[in-house]
Amino acid sequence: MKKIIYLVPTLSLVGCTSQQVEEKPNVIVILADDLGFGDVSAYGSTTIHTPNIDSLAHGGVCFTNGYATSATSTPSRYALMTGMYPWKNKDAKILPGDAPLIINENQFTLPKMMQQCGYVTGAIGKWHLGDDEKYWPENQGFDVNIAGNYKGAPIKNKQGCNGYFSPYCLPRLENGKEGEYLTDRLTDEAVHLIETHGDSPFYLNLAHYAVHTPLGAKPELEKKYEALADSSYFQHNATYAAMIQSVDESLAKLLAALERKGILDNTLIIVTSDNGAVHRISGSYPLRKGKGSEYEGGVRVPLITYWKGHILPNQRNSTPVITMDLFSTVLDVACVELKDEKVDGISLLPVIKGEDLKVRPLFWHYPHYHNGGARPYSSVRLDEWKLIKQYETHTYELYNLKEDIGEKEDLSKKNPDKVNELRGILEKWLKNVDAQLPFANANWNSEKERKTGKYAGVD
């Protein structure tokens, strides 16, 4: 791998401790794509084989109320890189799920801050934060960019691009031998970075394209899971299951590389997903619906933190946490302090070391439609309560997630006081972030929508 260094201007964004650079811990964030809450054994799957992910969960902290910032990919990736709710971004006219949500060249980012404090930074895998190359990882603070570009999914077409198998046709990634598997290739690139980065600490963002569509798995693993089609209602797709196993095997290779170099006990590893699973592919049990949805299946995701010798093992933590918290956690672990910028996340380092976190509200805002079936909504979670504002009907739904994780019983009529309390918190937040709100479509045709099954006038 050719190491490319990009000079980052001094922006006085961070303060670096006097700790020797080589003593600073390494950080690896493994971000799967569309991996559902219940799709690994540590979160309840009885059919998909994920021993390595489970091992980290048993050896560290398994968050049972971990959330993605959004029910779709790009806003969550923006939040991870900036530590902010994406709705504060003023460069996008609106925030449709598949459109690029860019990070300005002058925006502070997690890798820029890590760079300024002596870290080698690597982005391997999916980026999906802007069509123009000037917004790609190498211009956002990453020394190395492998396969990070404008694409939100592997390319599979009649021109010879073969999805998860080489030739990939992905910008910033040379094709491998015919039939090479993408998840393996990205893993090999990550292992190479671990082995060759030198004595400096490193921050690695390994963002697998898996398990996003178009699905593609190794035939031998797919065959292993063929019985799923008949045996499991919630996880019935053999290709999808095999893809998850490949992601799990990727983790084993990373752990082995860290062991060989003798740095496993000086490396924080975070495993999570950018949003929930596609509902037609994975049932998201026990959650309601999936990717794109306002319900838990859209935003609740696996979240595991592992740091050998630094955090107690076998912790299952029910604290509600969200993507922006990972930004703050990585900086805290690396002893990097923000000087002038405010972010929306908090460091989870005290939490994973056993301290309690003060109850705070978490917010979601999705002011448009999604092809997964979601309609425009905003929502807030505070403690065990969750309120959803439906913009089409101007109604509210209220759920007690502690008692009803599947959001089966709307309690809004039984608890009007709680609705009003959470509504006030949500409305205040929407105003403070100057959130873009949906508005009525004068050309809407109910009959056309009924006949076509599509949202008339909505792209």
Side-chain angles (χ1 to χ4, degrees), residues 1-3 22-33 35 39-42 45 48-62 119-126 143-144 146-147 164 166 173 176-177 179-211 217-218 220-221 224 241-273 302-311 313-314 330 333-334 352:
M1 180 187 297
K2 182 179 179 182
K3 186 170 182 290
E22 59 270 20
E23 295 176 355
K24 287 179 175 288
N26 309 298
V27 179
I28 300 176
V29 176
I30 300 171
L31 183 65
D33 196 347
L35 179 66
D39 288 336
V40 298
S41 305
S45 174
I48 301 176
H49 191 55
T50 57
N52 299 295
I53 294 175
D54 301 339
S55 177
L56 294 195
H58 296 314
V61 183
C62 182
Y119 275 75
V120 172
T121 55
I124 298 177
K126 179 173 172 177
D143 297 324
V144 175
I146 304 292
Y164 282 94
S166 186
L173 180 67
K177 294 180 180 179
E180 178 187 70
Y181 192 57
L182 180 58
T183 302
D184 291 346
R185 170 63 179 281
L186 298 179
T187 303
D188 291 343
E189 297 285 357
V191 168
H192 184 73
L193 177 62
I194 291 170
E195 293 176 338
T196 62
H197 76 278
D199 295 327
S200 299
F202 67 86
Y203 162 59
L204 169 61
N205 196 67
L206 176 56
H208 283 294
Y209 283 90
V211 290
K218 297 178 184 178
E220 63 273 19
L221 292 183
K224 169 184 175 180
M243 294 173 73
I244 293 175
Q245 181 169 332
S246 288
V247 171
D248 185 78
E249 291 174 351
S250 163
L251 183 55
K253 293 179 182 178
L254 294 180
L255 292 172
L258 294 170
E259 285 273 25
R260 286 195 302 271
K261 194 157 185 179
I263 57 175
L264 178 59
D265 60 354
N266 195 38
T267 303
L268 171 68
I269 302 173
I270 299 171
V271 180
T272 191
S273 179
L303 174 57
I304 296 165
T305 60
Y306 174 87
W307 193 4
K308 185 178 179 181
H310 294 266
I311 57 179
N314 293 310
V330 171
V333 167
I352 64 180

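Model, not experiment: these values are computed from the prediction.
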Can you tell me how far apart [atom1] ([X]) and [atom2] ([Y]) are? Round to the nearest 0.5 Å.
X    : Y    : atom1 : atom2 : answer
D39  : T50  : CG    : OG1   : 9.5 Å
M243 : D33  : CE    : CG    : 9.0 Å
I304 : I270 : CD1   : CD1   : 11.5 Å
L268 : I352 : CG    : CD1   : 6.0 Å
D184 : K218 : CG    : NZ    : 3.5 Å
S246 : L251 : OG    : CG    : 13.0 Å

Is any side-chain heavy atom of [Y] closer than 4.5 Å to one of [X]?
X    : Y    : answer
L258 : I28  : yes
L193 : L204 : yes
L182 : L173 : yes

Short side-chain to backbone donor-acceptor contact, [X] and [Y], under 3.5 Å:
X    : Y    : answer
T267 : V27  : no
N205 : A123 : no
K24  : A334 : yes
D143 : G122 : no
S166 : G176 : yes
Y306 : V271 : no
S41  : I48  : yes

Closest contact, heavy atoms only, [X] versus [Y]:
X    : Y    : answer
K261 : E195 : NZ-O, 3.7 Å
F202 : Y119 : C-CD2, 3.5 Å
Y209 : Y164 : O-OH, 3.0 Å
S200 : V120 : CB-CG2, 3.9 Å
P201 : P25  : CB-O, 4.1 Å
D248 : P51  : OD2-CD, 3.2 Å

Heavy-atom count around K308 NZ within 6.0 Å, excluding the residue itself: above 12?
no
Salt-bridge test for E249 and K253: reply yes if a basic N is under 4.0 Å from a carboxylate O, no otherwise.
no
Chi angles and distances behind the side-chain contact (heavy atoms from CB on, under 4.5 Å) call for L206, L254:
CA-CA 10 Å; L206 176 56; L254 294 180; 3.6 Å; yes
Could you walk me through whether I269 and L255 satisfy the side-chain contact (heavy atoms from CB on, under 4.5 Å) test, starting with their C-alpha distance in whole Å, then the side-chain angles of each, then the deciding distance to 0.1 Å, before giving a yes or no?
CA-CA 10 Å; I269 302 173; L255 292 172; 3.6 Å; yes
Working for side-chain contact (heavy atoms from CB on, under 4.5 Å), residues L186 and H208
CA-CA 7 Å; L186 298 179; H208 283 294; 4.3 Å; yes
By side chain to side chain contact (heavy atoms under 4.5 Å, CB included), which residues pair with A242, not counting sequence neighbours?
A217, L221, E222, Y225
Please enumerate all residues that pass side-chain hydrogen bond (donor to acceptor under 3.5 Å, both in side chains) together with T183, with sequence neighbours excluded.
none
Take L31 and T272 through the test side-chain contact (heavy atoms from CB on, under 4.5 Å) and record every step on the way to the result.
CA-CA 5 Å; L31 183 65; T272 191; 3.7 Å; yes
Test ring-ring contact (aromatic ring centres under 6.0 Å, His included) applied to H310 - qualifying residues, sequence neighbours left out:
W307
